[in-house]
Asker: 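Pasting in a structure now, in structure tokens, and then I'll have a few things to ask.
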Amino acid sequence: NALIAGLLIASLGLWEKNKSALAILCISIATFIKPFAIVFFVIWFFYDKKWKNVLTSIAICTILLVLPMMVVGMQAGITTYLQWLALLKQDHDVSFGISVMGVLNLIFDAVSYKDIVI
């Protein structure tokens with residue numbers, strides 16, 4: 001989580017220095033690590049050249065998506081991404097880890113109220 005926070009904070013600094021491509025790269029990397037970082041793309045609306053930033057984001061995300069497939073092959077890459085998506089869907093069902101939800105679960109046994117807590 002510290003890496004994600006660092007990438008997102010770095011992206012803000014890069015946006016302020018008019019280095020939008022590097023800022024978008026930071027956000028994209030953060031998104032590939034933790035999908036909730038995708039929300040940070042709303043920053044497009046606060047800076048100039050909105051359409052250029054959208055196209056740059058699509059290009060960078062496509063490159064980051066395809067780059068591993070150049071090493072492991074197309075079929076293995078697609079299989080890995082499908083397994084990753086399945087893992088993400090089951091992530092909250094397996095454990096809460098060290099998080100607010102995890103602490104509440106330890107103290108109050110809040111598993112049955114998961115949707116309310118979230």
Side-chain angles (χ1 to χ4, degrees):
N1 288 337
L3 173 62
I4 302 304
L7 285 167
L8 296 178
I9 291 168
S11 72
L12 285 173
L14 290 166
W15 278 108
E16 288 297 319
K17 292 180 179 180
N18 292 322
K19 296 182 179 180
S20 60
L22 287 175
I24 291 168
L25 178 63
C26 287
I27 296 170
S28 299
I29 291 171
T31 301
F32 275 85
I33 296 170
K34 295 271 190 171
F36 70 80
I38 198 167
V39 174
F40 220 74
F41 278 114
V42 300
I43 202 165
W44 291 326
F45 300 112
F46 299 106
Y47 291 94
D48 295 334
K49 302 176 186 171
K50 291 169 184 48
W51 286 109
K52 179 185 176 198
N53 293 331
V54 170
L55 294 175
T56 302
S57 297
I58 292 169
I60 289 174
C61 286
T62 302
I63 290 169
L64 289 176
L65 188 69
V66 173
L67 198 59
M69 290 186 206
M70 296 174 84
V71 176
V72 298
M74 182 71 86
Q75 188 59 39
I78 291 170
T79 302
T80 302
Y81 283 129
L82 291 174
Q83 290 172 345
W84 179 56
L85 288 173
L87 181 66
L88 287 175
K89 289 178 185 177
Q90 298 172 359
D91 186 35
H92 292 290
D93 295 337
V94 177
S95 73
F96 299 113
I98 301 173
S99 63
V100 172
M101 190 68 183
V103 171
L104 291 174
N105 186 42
L106 285 173
I107 296 171
F108 302 110
D109 193 29
V111 174
S112 57
Y113 304 109
K114 181 173 116 177
D115 292 334
I116 294 170
V117 173
I118 289 174

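Values below: every heavy atom of this structure, side chains too, minus hydrogens, waters and symmetry copies. It should be emphasised that the depicted structure is a prediction, and the values quoted were computed from it without experimental measurement.
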Asker: Looking at every heavy atom in both Ala21 and Ile60, which two are closest together, and how far apart are they?
Answerer: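 Of all heavy-atom pairs spanning Ala21 and Ile60, the closest is O-CD1, 3.5 Å.
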Asker: Using the test side-chain hydrogen bond (donor to acceptor under 3.5 Å, both in side chains), find all partners of Glu16 that sit at least two apart in sequence or belong to another chain.
Answerer: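 With sequence neighbours excluded, Glu16 shows a side-chain hydrogen bond (donor to acceptor under 3.5 Å, both in side chains) to Tyr47, given in chain and number order.
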Asker: With clusters defined by side-chain heavy atoms of hydrophobic residues (ILVMFWY) lying less than 4.5 Å apart, directly or transitively, does Met74 cluster with Ile63?
Answerer: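 No, it is not one cluster - the side chains of Ile63 and Met74 are not joined through contacts under 4.5 Å.
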Asker: With ILVMFWY side chains joined below 4.5 Å, transitively, what does Val72's cluster contain besides itself?
Answerer: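 In the cluster with Val72 are Val71.
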Asker: Does any non-hydrogen side-chain atom of Lys17 lie less than 4.5 Å from one of Leu22?
Answerer: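 The answer is no, as the side chains (C-beta and beyond) never meet within the 4.5 Å cut-off.
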Asker: Heavy-atom distance under 4.5 Å between the side chains of Ile27 and Leu7, does that happen here?
Answerer: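 Not touching, per the 4.5 Å side-chain cut-off.
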Asker: For Thr80, which residues count as a side-chain contact (heavy atoms from CB on, under 4.5 Å) partner, sequence neighbours excluded?
Answerer: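 Result, side-chain contact (heavy atoms from CB on, under 4.5 Å) vs Thr80: none returned.
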Asker: Taking only residues two or more places apart in sequence, or in another chain, which ones meet Val39 in a side-chain contact (heavy atoms from CB on, under 4.5 Å)?
Answerer: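 Counting only residues at least two positions away or on another chain, Val39 forms no side-chain contact (heavy atoms from CB on, under 4.5 Å).
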Asker: Considering residues at least two apart in sequence or located in another chain, which fulfil the side-chain hydrogen bond (donor to acceptor under 3.5 Å, both in side chains) criterion with Tyr81?
Answerer: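 If we apply the side-chain hydrogen bond (donor to acceptor under 3.5 Å, both in side chains) test to Tyr81, skipping adjacent residues, there are no hits.
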Asker: So which heavy atom on Phe32 is nearest to which on Cys61, and how close?
Answerer: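 The pair with the smallest heavy-atom distance is CZ-O, 3.6 Å.
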Asker: With a 4.5 Å cut-off on side-chain heavy-atom distances among I, L, V, M, F, W and Y, is there a chain of contacts connecting Ile58 to Trp51?
Answerer: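 Yes, Ile58 and Trp51 fall within the same hydrophobic cluster.
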Asker: How would you list, by chain and number, every residue that makes a side-chain contact (heavy atoms from CB on, under 4.5 Å) with Ser20, sequence neighbours excluded?
Answerer: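 Once residues adjacent in sequence are excluded, the partners of Ser20 under the side-chain contact (heavy atoms from CB on, under 4.5 Å) criterion are Trp15, Asn53.
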Asker: Please say whether more than 12 non-hydrogen atoms of neighbouring residues, nucleotides or ligands are located less than 6.0 Å from CG in Leu12.
Answerer: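 Above 12, so yes.
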Asker: Are there over 12 heavy-atom neighbours, none belonging to Lys19, within less than 6.0 Å of that residue's NZ?
Answerer: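 Result for NZ/Lys19: open.
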Asker: Should we say atom CZ of Phe36 is surrounded by more than 12 heavy atoms from elsewhere, each under 6.0 Å from it?
Answerer: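 Above 12, so yes.
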Asker: Would you kindly confirm whether Phe46 and Val54 end up in one hydrophobic cluster when ILVMFWY residues are joined by side chain heavy atoms under 4.5 Å apart?
Answerer: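 Yes, it is one cluster - the side chains of Phe46 and Val54 are joined through contacts under 4.5 Å.
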Asker: Can you list every side chain to side chain donor-acceptor pair (under 3.5 Å) pair that touches residues 55-67, not counting sequence neighbours?
Answerer: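 Checked against side chain to side chain donor-acceptor pair (under 3.5 Å) - neighbours excluded - the pairs reaching residues 55-67 are Trp44-Ser57.
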Asker: Quick one: closest heavy-atom pair of Ile4 and Ala30, and the distance?
Answerer: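 For Ile4 and Ala30, the tightest heavy-atom pair comes out as CD1-O, 3.7 Å.
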Asker: Given the rule in the side chain to side chain contact (heavy atoms under 4.5 Å, CB included) test, do Phe41 and Ser11 qualify, once you have shown the distances and angles that lead to the verdict?
Answerer: CA-CA 10 Å; Phe41 278 114; Ser11 72; over 6 Å; no
Asker: Can you list everything that forms a side-chain hydrogen bond (donor to acceptor under 3.5 Å, both in side chains) with Thr31? Sequence neighbours excluded, please.
Answerer: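 Testing Thr31 for side-chain hydrogen bond (donor to acceptor under 3.5 Å, both in side chains), a comparison that skips the adjacent residues, returns none.
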Asker: Test of understanding: with ring pair (Phe, Tyr, Trp, His ring centres under 6.0 Å), list the residues that count as partners of Phe40, not counting sequence neighbours.
Answerer: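 With neighbours one apart ignored, the set is empty.
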Asker: For Ile9, what are the other residues in its hydrophobic cluster, where any two members join if their side-chain heavy atoms are less than 4.5 angstrom apart?
Answerer: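 Same cluster as Ile9: nobody, lone residue.
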Asker: If you compare all heavy atoms of Cys26 against all heavy atoms of Leu14, which two are closest, and at what distance to 0.1 Å?
Answerer: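 Heavy-atom minimum between the residues: SG-CD1, 3.8 Å.
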Asker: With sequence neighbours excluded, tell me which residues meet side-chain contact (heavy atoms from CB on, under 4.5 Å) with Leu55.
Answerer: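 By the side-chain contact (heavy atoms from CB on, under 4.5 Å) rule, Leu55 matches no residue at all.
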Asker: Take Ile78 and Met69, measure what side chain to side chain contact (heavy atoms under 4.5 Å, CB included) needs, and give me the verdict at the end.
Answerer: CA-CA 8 Å; Ile78 291 170; Met69 290 186 206; 4.2 Å; yes
Asker: In this structure, would Ile24 and Val66 fall into the same cluster of hydrophobic residues linked by side-chain contacts under 4.5 Å?
Answerer: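 Hydrophobic grouping puts Ile24 apart from Val66.
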